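Here's the structure, in structure tokens; my notes come after.
What you see is a predicted model; the values in this text were computed from it and never measured. One-based numbering, in listed order, for ligands and for the atoms of each. Just so you know, these numbers use all the heavy atoms, side chains as well, and skip hydrogens, waters and symmetry mates.
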Amino acid sequence: MADERLQGGCLCGAVRFSALPETREMGVCHCSMCRRWSGGIFMAVACNDVAMAEGSVPGVYGSSEYGERVFCERCGSSLMWRMRDGSHSSVSAQAFDDPTVFTFTSEIFIDEKPDNYSFADSTQKMTGAEVFALFAPKQDPQHG
Ligand SMILES: [Zn+2]
Ligand SMILES: [Zn+2]
């Protein structure tokens with residue numbers, strides 16, 4: 001079932017998409033940029049291919065030299081972080097029509113997590129430095 005395209009969209013429905021998740025696992029990013037951008041904690045699913053529905057034109061904000069963030073210009077929903085070169089896309093788990101198909105397995109930039117919250121689930125936790133090292137020489141796939 002991992003090769004099944006899943007449907008998703010924003011709060012108002014102006015942006016609809018389909019995506020092919022790499023796995024049925026979701027991770028969260030605790031970095032300050034993701035928290036501010038998502039208005040919470042960015043729970044994301046790595047996807048190999050994301051296709052916008054016909055007529056769906058999301059906003060794109062370049063948040064770093066290599067990363068950009070995709071959102072709905074009408075309702076403001078955070079939809080996706082991706083590499084500008086298209087090599088990686090992390091789609092918001094909560095933007096999918098059925099987010100319950102994903103298992104919560106990892107937390108990254110744990111060193112940027114504020115002390116006033118934490119998740120009880122057992123997950124693999126990585127610091128920002130560990131994430132950068134893991135994806136070297138590629139740049140961090142979910143930060144910036
Ligand atoms: Zn919308
Ligand atoms: Zn982040």
Side-chain angles (χ1 to χ4, degrees), residues 5-144:
R5 295 192 72 89
L6 301 178
Q7 309 295 313
C10 67
L11 179 61
C12 77
V15 177
R16 295 289 302 170
F17 64 84
S18 70
L20 192 59
E22 290 180 11
T23 68
R24 290 299 170 90
E25 297 182 351
M26 72 179 184
V28 305
C29 184
H30 294 288
C31 85
S32 59
M33 295 178 76
C34 283
R35 283 186 286 108
R36 187 176 292 265
W37 172 63
S38 67
I41 315 302
F42 186 45
M43 309 186 112
V45 177
C47 290
N48 288 317
D49 182 48
V50 183
M52 292 296 155
E54 194 175 342
S56 291
V57 183
V60 178
Y61 172 66
S63 54
S64 73
E65 287 185 2
Y66 55 88
E68 60 189 17
R69 294 166 189 268
V70 179
F71 60 97
C72 175
E73 291 187 318
R74 184 172 170 214
C75 70
S77 297
S78 305
L79 297 174
M80 171 171 49
W81 182 96
R82 68 187 177 196
M83 294 285 284
R84 290 190 182 204
D85 65 8
S87 61
H88 183 91
S89 297
S90 289
V91 178
S92 170
Q94 306 304 331
F96 285 95
D97 293 341
D98 182 9
T100 65
V101 300
F102 304 113
T103 304
F104 181 30
T105 58
S106 64
E107 299 178 58
I108 64 171
F109 287 85
I110 195 74
D111 50 323
E112 288 191 30
K113 184 186 77 60
D115 290 335
N116 61 349
Y117 73 82
S118 58
F119 291 111
D121 301 85
S122 179
T123 59
Q124 181 189 9
K125 296 177 178 62
M126 285 184 283
T127 65
E130 287 168 341
V131 173
F132 278 112
L134 186 65
F135 290 96
K138 280 171 55 182
Q139 280 173 302
D140 167 25
Q142 195 176 310
H143 182 73

- Message: Please find the pair of heavy atoms, one from Met26 and one from Ala93, that lie closest to each other, and give the distance.
- Response: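 Minimum heavy-atom contact is SD-CB, 3.6 Å.
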I'd like to know if the side chain of [X] and the backbone of [Y] have a donor-acceptor N/O pair within less than 3.5 Å.
X      : Y      : result
Thr127 : Asp111 : no
Ser77  : Leu11  : yes
Thr123 : Lys125 : no

- Item | Angle at the Zn ion (ligand 2) (to 10°), with one arm to SG of Cys31 and the other to SG of Cys34 |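 Nearest ten degrees: 110°.
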Would you give me the side-chain donor-acceptor pairs under 3.5 Å for residues 43-52, sequence neighbours excluded?
from  : atom 1 : to   : atom 2 : distance (Å)
Asp49 : OD2    : Arg5 : NH1    : 2.8
Asp49 : OD2    : Arg5 : NH2    : 3.3

- Atoms of the protein (N/O/S only) found under 2.8 Å from the Zn ion (ligand 1):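 Less than 2.8 Å away from the Zn ion (ligand 1) sit Cys10 SG, Cys12 SG, Cys72 SG, Cys75 SG.
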- Query: What residues form a ring-ring contact (aromatic ring centres under 6.0 Å, His included) with Tyr117, not counting sequence neighbours?
  - Reply: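 Only His30 meet the ring-ring contact (aromatic ring centres under 6.0 Å, His included) criterion with Tyr117.
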- Message: Below 2.8 Å, can you find an N, O or S atom of His30 next to the Zn ion (ligand 2)?
- Response: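 No, His30 does not qualify, because none of its backbone or side-chain N, O or S atoms lies under 2.8 Å.
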- Item | Arg16: salt bridge (charged side-chain N to carboxylate O under 4.0 Å, His left out) partners, not counting sequence neighbours |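 Testing Arg16 for salt bridge (charged side-chain N to carboxylate O under 4.0 Å, His left out), a comparison that skips the adjacent residues, returns Asp97.
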